[in-house]
Amino acid sequence: MKKETICIQGGYKPGNAEPRQVPIVQSTTFKFDTCEFMGKLFNLEAAGYFYTRLSNPTNDYVAKKITELEGGVAGMLTSSGQAANFFAVFNLCNAGDHLISTSAIYGGTFNLFAVTLKKMGIETTFIPPYSDEDTIRKAIRPNTKLIFGETIANPSLDVFDFEKFVKVAHEAGIPVIVDNTFPTPINCRPIEFGVDIVTHSTTKYLDGHGVGVGGAIVDSGKFDWMAHKDKFPGLTTPDDSYHGLVYAEAFGKEGAFITKATAQLMRDLGSIQSPQNAFYLNLGIESLHVRIPAHCKNAQKVAEYLEKSDKVKSIKYPGLKSFEHHDLIEKYLPNGTCGVISFDLNGGREAAEKFMKTLKLIAIETHVADARSCCLAPSITTHRQLTDEQLVAAGVSAGMVRLSVGIENGDDLLEDVKNALDSI
Ligand SMILES: *Cc1c(COP(=O)(O)O)cnc(C)c1O
């Protein structure tokens, strides 16, 4: 099926006289005829539902749709994008392990890696997003378990050079995890470029209506854990909490990663998405293929206008020809990028505040990738905990405005931006 059809019909296939729309299974628990069957479920010997903290049919339908869209083989929903990235990484790393991440990532993910994972004994080396092969290779240690990046980084909008990172990672026998929140599978499918595991904050474009916080993890099923047995003991040696089950043996390359993340991490850490939110998420995805091109079209229009304005010091939008790494956009995202623009106004923080105050349609929000246009200044909101040096490394300047262009009428948005620029 093509992406448009998957958006509408993927994941859920109703049988005869069953609900046409994905049913919301609003039940914490499930009923069994025999103890014997329930025991099999608990031993992971049979597939089925027993408690919604581990899995729920509504969530599974929606996870399957996202998995099909990304071209993966297994997937799961989480309560947030933060939970998705944490689970994806923690599924491979133990205390004493190390990972490599590009420095151009979401502020929340940066905190997760630099502060919280560090407290758990997992160390992260941050490298610049456009590092050459040698720099990446030199950052790899014997205990390095993965390389992490964002397809298009939030908010720096830097683009991830899949082939380069994948090549070096696979040479070293480690997988690449990519957060594909900004382009969504409509504009980019990282698995096609060799990425092993894809994550999402579904809170953003996948939902698209500002309705529910959520996340997703999709496994390509291609990484051969058993070929690197010593590196990934969590997947390749017995799990005592399941009577010595070995995930990579019992579920193969295709099933090991997501089964472990569900049966072990979700069981112990509990970050399930509510079935009600999964239902809303599914409604959002039904129009993803219509919304994403509309976001890109409006953003292109606004970006081209901003680029010409003398009030604007610099602008970054991956869809602009002037984008520094346009070659990578042509290679990986030829059909469009995202609806997010970042720009620096002459006059720094003060000008940014005046601009935002004057806007009428475009609202000030800690959000992006919504049908409604919104904006914020990262240095005073999402990234305020970073030092000036870390801000620079994350590609954020003090007077930067991040504008998430929605799918209102493009001329109305231009008018709003024009008025706000004139007010400076
Ligand atoms: C928002 C965001 C996250 C965090 O997702 P939440 O759903 O807010 O927890 C992670 N990565 C990226 C790229 C994001 O934009």
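Note that the structure is a prediction, hence the values are computed from the model and not measured. When a ligand or atom number is given, it counts from 1 through the structure's own listing order. The chain is numbered in sequence order, starting from 1.
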Just which atoms of ligand 1 are under 4.0 Å from any heavy atom in Gln82? 4 (C), 5 (O), 6 (P), 9 (O)
Do Lys316 and Asp158 sit within salt-bridge range, that is, some charged N less than 4.0 Å from a carboxylate O? yes
So which protein heavy atom does atom 5 (O) of ligand 1 come closest to, and at what separation? Ser201 OG, 3.0 Å
Numbered atoms of ligand 1 (with element) below 4.0 Å of Glu150, judged on heavy atoms: 13 (C)
What protein heavy atom sits nearest atom 4 (C) of ligand 1, and how far away is it? Tyr106 CE2, 3.4 Å
Any N/O pair Gly81/ligand 1 closer than 3.5 Å: yes
What's the shortest distance from atom 13 (C) of ligand 1 to any protein heavy atom, and which residue and atom give it? Asp179 OD2, 3.4 Å
Run the ring-centre check on Tyr130 versus Phe160 and record whether the distance is less than 6.0 Å. no
Using every non-hydrogen atom in the two residues, find where Tyr317 and Cys296 come nearest and quote the distance to one decimal. OH-O, 3.7 Å
For Thr203, the ligand 1 atoms with a heavy-atom partner under 4.0 Å come out as 6 (P), 7 (O)
Evaluate the criterion ring pair (Phe, Tyr, Trp, His ring centres under 6.0 Å) for residue pair Phe30 and Tyr49; output intermediate values, then yes/no. CA-CA 7 Å; Phe30 299 81; Tyr49 300 98; 5.6 Å; yes
Please determine whether a side-chain nitrogen of the Lys or Arg among Glu254 and Lys222 lies less than 4.0 Å from a carboxylate oxygen of the Asp or Glu. no
Contact check, Gly214 vs ligand 1, heavy-atom distance below 4.0 Å: yes
So which heavy atom in the protein is nearest atom 1 (C) of ligand 1, and how far is it from that ligand atom? Lys204 NZ, 1.5 Å
Does a side-chain N-to-carboxylate-O contact under 4.0 Å join Lys301 and Asp411? yes
